[in-house]
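Before any comments, here is the structure.
Note that these values count all heavy atoms, side chains included, but never hydrogens, waters or copies made by symmetry. Letters A, B, ... mirror the listed sequences (proteins, then strands); counts begin at 1.
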Amino acid sequence: MANSTGLVRSILKGTLSTTKRFRISPLDRRFPLAAQYISKRFYSPEPVRRFYGDVTVVPIQTASRGSPGTWGVNLDKRALRTPSKKLFEVDNEAVALAVANEWAVQRDIVMLNTMHMTALANTAIDNPFNKTKFSICNEMLSFLPLDTILYRSEENERLWELQRELWDPNLQWFQKAFQVKLPIVAGAITPPHIPDESLAVLRKELMSYRFDALLGLQFAAEALKSLILTMGVLKMHLSTEQGLRLSRLELDFQTQHWGNVEWSHDLENYDTMSRFSCGMMFFSLNTFAPFRYIEKVDPETTLAFEKKSTSHHK
Amino acid sequence: MSLGQERGLHLLRALYRELRPSVLEPNKHVYQTPAWKYIVKTCRECPPSEPSPETISPALRVGEYYVSALRGTREYLRIHTVYKGKGERSPKDLAEILGFYMPDDPTPDPRKKNHKTNRDDSITNTPNS
């Protein structure tokens with residue numbers, strides 16, 4: 001604990017003081033107590049206040065042949081660490097910059113629940129549940145029968161038409177693009193049965209991505225509650241806003257009829273928007289060439305190396 | 001100006017608007033931040049020229065995701081700040097509403113033999129008595 005960062009220290013300090021106050025019995029006359037130590041309930045730890053000034057991105061390892069180089073984030077002069085106290089180190093400068101911006105934007109109180117890029121990067125570094133690519137793929141595919149688009153509501157005729165008009169084209173695109181069959185259900189409790197061949201095709205597609213990218217894709221799909229819409233945005237069949245709007249079809253239908261509550265519906269909408277966008281951004285930064293380091297292989301050097309190795313064997 | 005260039009310019013303006021709140025120093029500008037310099041460097045390396053409106057370069061795609069993420073977070077915090085609860089009343093405020101006094105030194109150390117307390121056990125010691 002002596003080597004903890006100021007963040008962890010402040011949280012532990014709050015927790016320890018909570019425990020200390022709770023242990024005192026109000027009925028014991030040897031310890032006359034004020035009501036403030038009995039009636040105050042400590043539901044959550046003290047909010048973390050901004051304890052740093054500058055946020056900078058620093059290179060940890062420089063890029064060289066065969067190595068992308070790594071970047072870290074400094075809060076003042078202290079290096080940012082993950083919840084498992086590992087050094088925050090990513091091989092992607094864009095991810096480091098996005099994380100640094102999240103910390104820089106914080107004002108008086110550090111709102112950790114809005115720092116999705118930081119959370120994703122920490123999860124990729126720590127991997128607290130020891131997940132693998134295969135386990136993440138299985139989790140995403142086990143959620144596929146519960147996809148939003150596969151469930152139709154037949155109570156309301158207008159909603160039924162809307163779902164058919166807006167969701168069916170995307171479902172047909174998905175089935176055509178990946179050569180899979182996904183049945184829909186209406187008003188049923190049991191989820192639809194997806195053929196094993198379809199699951200195998202989708203598993204092969206998902207396993208082609210990196211582990212870090214899959215974490216981002218899973219985060220985005222969970223935010224949208226639909227793998228089909230997430231893949232639609234990924235393959236550029238849909239824009240981000242279209243994907244978000246389609247995932248909220250039933251909710252928007254109900255709020256248009258019964259009214260919109262800003263502190264519930266709009267809050268959820270923007271939370272979903274930020275989560276989905278951060279997930280897709282994390283996926284893209286760990287997949288596509290301008291951001292993810294892909295070593296350029298020089299054909300002449302490769303040929304020369306192969307000639308040299310064969311001549312050595314002779 | 002091609003469609004891709006127009007879209008890229010629109011995206012740059014949106015990124016500038018969203019990145020402005022991250023600059024807290026009064027003398028510093030968004031153009032001086034490492035994030036903006038990286039965005040400009042990426043735009044120069046990956047010019048957003050597209051053969052058709054359907055295809056989109058990875059740089060543009062990531063830029064649009066980032067604008068959406070920043071906007072979503074900003075709006076979420078705005079609504080949260082407006083509607084968040086003030087939290088529980090402190091026991092002192094509650095006691096004042098009910099008309100009771102709070103003791104001054106509520107947790108004396110029982111290990112000290114000569115510990116003194118300012119606590120008044122009289123239950124009738126209220127402001128109105």
So which part of [X] gets closer than 4.5 Å to some heavy atom of chain B, the side chain, the backbone, both or neither?
X: A:Leu234; value: both
X: A:Ala94; value: both
X: A:Val55; value: neither

Do [X] and [Y] touch side chain to side chain, with heavy atoms closer than 4.5 Å?
X: A:Ser284; Y: B:Glu64; answer: no
X: B:Lys84; Y: A:Trp263; answer: no
X: B:His80; Y: A:Met111; answer: yes
X: B:Lys41; Y: A:Glu93; answer: yes
X: B:Pro34; Y: A:Leu97; answer: yes
X: B:Tyr66; Y: A:Leu285; answer: no

[X] side, atom [atom1]; [Y] side, atom [atom2] - distance, nearest 0.5 Å:
X: B:Leu70; Y: A:Glu102; atom1: CG; atom2: CD; result: 8.5 Å
X: A:Ser274; Y: B:Arg74; atom1: OG; atom2: CZ; result: 12.0 Å
X: B:Thr73; Y: A:Met115; atom1: OG1; atom2: CE; result: 10.5 Å
X: A:Asn101; Y: B:Leu19; atom1: CG; atom2: CG; result: 5.5 Å

Legend entry - A:Glu241 atom CD: more than 12 heavy-atom contacts under 6.0 Å: no
Inset, instruction - Go through the structure and list residues passing side chain to side chain contact (heavy atoms under 4.5 Å, CB included) with A:Ala124, not counting sequence neighbours. - result: A:Asp212, A:Leu215, A:Phe282
Legend entry - Residue pairs fulfilling salt bridge (Lys or Arg N to Asp or Glu O under 4.0 Å) with at least one residue in residues 275-287 of chain A, sequence neighbours excluded: A:Asp271-A:Arg275
Inset, instruction - Would you mind checking which part of B:Lys37 comes under 4.5 Å of any heavy atom in chain A, side chain (CB onward), backbone (N, CA, C, O), both or neither? - result: neither
Legend entry - Proximity breakdown for B:Ile39 and chain A, heavy-atom pairs closer than 4.5 Å: neither
Legend entry - Flag for A:Asp266-B:Tyr83: side-chain donor and acceptor within less than 3.5 Å: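 Judged by distance alone, the side chains do not pair up.
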